Amino acid sequence: MFGFNSVSPTVMHLDINSCFASVEQLYNPAIRGKPVVVAAYKTDRGCILAASAEAKKLGVKTGMRVFEGRKFCPQLIVLETDPPKYREVHKKLKNILKTYTENPVAKSIDEFALDLNGYPAFRAGMVKTAREIKARIRKEIGECLTVSIGISTNRYLAKVASDLQKPDGLVEINKNNHQEIFQKMKLMDLCGIKKRNAIRLHSVGIKNIVDMYCSPISRLKAAFNGICGYYWFLRLHGFEIDSIKSEQKSFGAQYVLPRATSDKKIILPILQKLTEKMGKRLREAGKQAKGVHLAVFYADHSFFHHGENFSSYVFNSRDLYTRAKEIFKKISIDSGVREIAVSCFNVIKNDILQGELFENAARKSKLTEALDKINEKFGDYYISPASLFLAPDAVPDRIAFGK
């Protein structure tokens, strides 16, 4: 049987426990030790995005509606998201991690992956380093902020390990203990194995993680109908396949309105702010796009979507909005718009400026870059289209999951 990767673990995964709620407690001592949730909206139907350790002990879970959370805890403290706080804590944590490796990889606003191979921190010992990082977070960021840390020979199993003890956990999966750990887990405890994949595995006789680990590549390929089975084989055996950075092929933003509306004076500023967000993400990736796609979901649960390729590539948010607005003109909004999503596709690297006279494009690129730098320094939308000042709350600032 093919064995587990025999090298010493060098990969660490950090996950901030109850991130948004913990950060709110960090900034507000009055709510420390109390059941706190952060929700998309404070209204009863608002979705809970994070629950503090105190709220979780009472049965409140992420994904519940606020009214459901209050059934478990009538005294629940409900807060709306405050992204600048979370980004500030993210930056502080990243600065700590950069003293251990020059390239800590942010997996999301509350997760980092580190490969310490070749660094002094690895020679000092992975577990010792993890404990040191925990202590520094408490000292340099705040006592009420804890992280769960997983250690293994690849990113995937380090992530799995970080989920095994919460809050404030520290677990290592290695060649000596992997079987023991796998025996204690359920199949759907694995990241990426949910009901559909579990059914696929059951169809070839794989009932648990140990079965999955011990299965030959051919059986896993049969379960996943292709090369994905080989990838799962490598992941569970501790070999790295997830460090390859895939090329992002589209960029987008979306927003669910608090209530459905047919008023263009409300909808168009929302669309413009979404394209501003999308354009910023496009430029941060060093890309430009030729296609724009718009999707609108209505109050009656119907939807419209349409995408178009235009004659030239663009990177400027104003140009992206112009194109999105052209598509919007084709939409009926009589039944009331409930959600808007805009994205750009057919992207290429922004190495060559195309689509107009080079001098004009180069000038526009420099101007856009200057505006981005100002907004980065003083805050998003510090300089933005005048029309957005007429609707400053069109789209509240949000943290994009997975970003």
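Fair warning: this is a prediction, and the values are worked out from it, not measured in the lab. Atoms considered below: every heavy atom in the structure, side chains included; atoms not considered: hydrogens, waters and symmetry mates.
Residue Ser317 forms a side-chain hydrogen bond (donor to acceptor under 3.5 Å, both in side chains) with just one option from Lys273, Arg283, Lys280, Gln272, and that option is Arg283. For the side-chain hydrogen bond (donor to acceptor under 3.5 Å, both in side chains) with Gln25, the lone residue among Glu54, Glu143, Lys34 that qualifies is Glu54. Residue His237 forms a ring-ring contact (aromatic ring centres under 6.0 Å, His included) with just one option from Tyr213, Phe4, Tyr156, Trp232, and that option is Tyr213.
Remark: Cys214 SG to Phe233 CZ distance equals 10.0 Å, nearest 0.5 Å. Of the inter-residue distances, the one linking Phe112 atom CZ with Leu114 atom CG reads 8.5 Å to the nearest 0.5 angstrom.
Counting non-hydrogen atoms of neighbouring residues, nucleotides and ligands closer than 6.0 angstrom, the NZ atom of Lys85 exceeds 12 such neighbours. In the displayed structure, Glu102 atom CD is contacted under 6.0 Å by at most 12 heavy atoms of other residues, nucleotides or ligands. By the 6.0 Å contact criterion, NE2 on His305 is open, its count of non-hydrogen atoms from other residues, nucleotides or ligands being 12 or less. Environment of CG in Asp263: crowded, with over 12 heavy atoms of neighbouring residues, nucleotides or ligands closer than 6.0 Å. More than 12 non-hydrogen atoms from other residues, nucleotides or ligands lie less than 6.0 angstrom from CZ of Phe224. More than 12 heavy atoms of other residues, nucleotides or ligands lie within 6.0 Å of NZ in Lys330, so this atom counts as buried by the packing criterion. Remark: Phe67 CZ is packed, more than 12 non-hydrogen atoms of other residues, nucleotides or ligands lying under 6.0 Å away.
No donor-acceptor distance shorter than 3.5 angstrom exists from the side chain of Arg235 to the backbone of Glu240, with no hydrogens or angles considered. At distances below 3.5 Å, at least one donor-acceptor pair connects side-chain atoms of Thr129 with backbone N or O atoms of Ala121. Panel note: side chain Glu140, backbone Ile137; no donor-acceptor pair is recorded below 3.5 Å. Remark: the backbone N or O of Leu157 is paired with a side-chain donor or acceptor of Asn154 at under 3.5 angstrom.
We find that Asp189 and Lys186 are not joined by a salt bridge, their nearest charged nitrogen and carboxylate oxygen being 4.0 Å or further apart. The pair Asp242-Lys159 does not count as a salt bridge, with every side-chain nitrogen at least 4.0 angstrom from each carboxylate oxygen.
Taking the six-membered ring wherever Trp is involved, the centroid distance between the rings of Phe20 and Tyr86 falls below 6.0 Å. Here the two rings, on His293 and Phe345, have centers that are 6.0 Å apart or farther.
Ring-plane geometry between His178 and Phe182 is classed as perpendicular, the angle between the planes exceeding 60 degrees on a 0 to 90 degree scale with a lower cut at 30.
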Problem set entry | Full working for side-chain hydrogen bond (donor to acceptor under 3.5 Å, both in side chains) between Asn103 and Thr101 | CA-CA 5 Å; Asn103 187 35; Thr101 169; over 6 Å; no
Problem set entry | Stepwise salt bridge (charged side-chain N to carboxylate O under 4.0 Å, His left out) check, Glu132 with Lys128 | CA-CA 6 Å; Glu132 181 180 299; Lys128 180 181 178 181; over 6 Å; no
Problem set entry | Asp319 and Arg323: CA distance, side-chain angles, deciding distance, salt bridge (charged side-chain N to carboxylate O under 4.0 Å, His left out) verdict | CA-CA 6 Å; Asp319 295 335; Arg323 294 180 175 191; over 6 Å; no
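When all heavy atoms of Glu24 and Ile31 are compared, the pair lying nearest together is O-CD1, 3.8 Å. Of all the heavy atoms in Phe239 and Gly3, the pair that sits closest is CE1-O, 4.1 Å. Contact detail for Val204 and Arg219: the closest heavy-atom pair is O-CD, 3.5 Å. The heavy-atom pair separating Asp168 from Ser148 by the smallest distance is N-OG, 3.4 Å. In terms of heavy atoms, Asp211 sits closest to Ser215 at O-OG, 2.6 Å.
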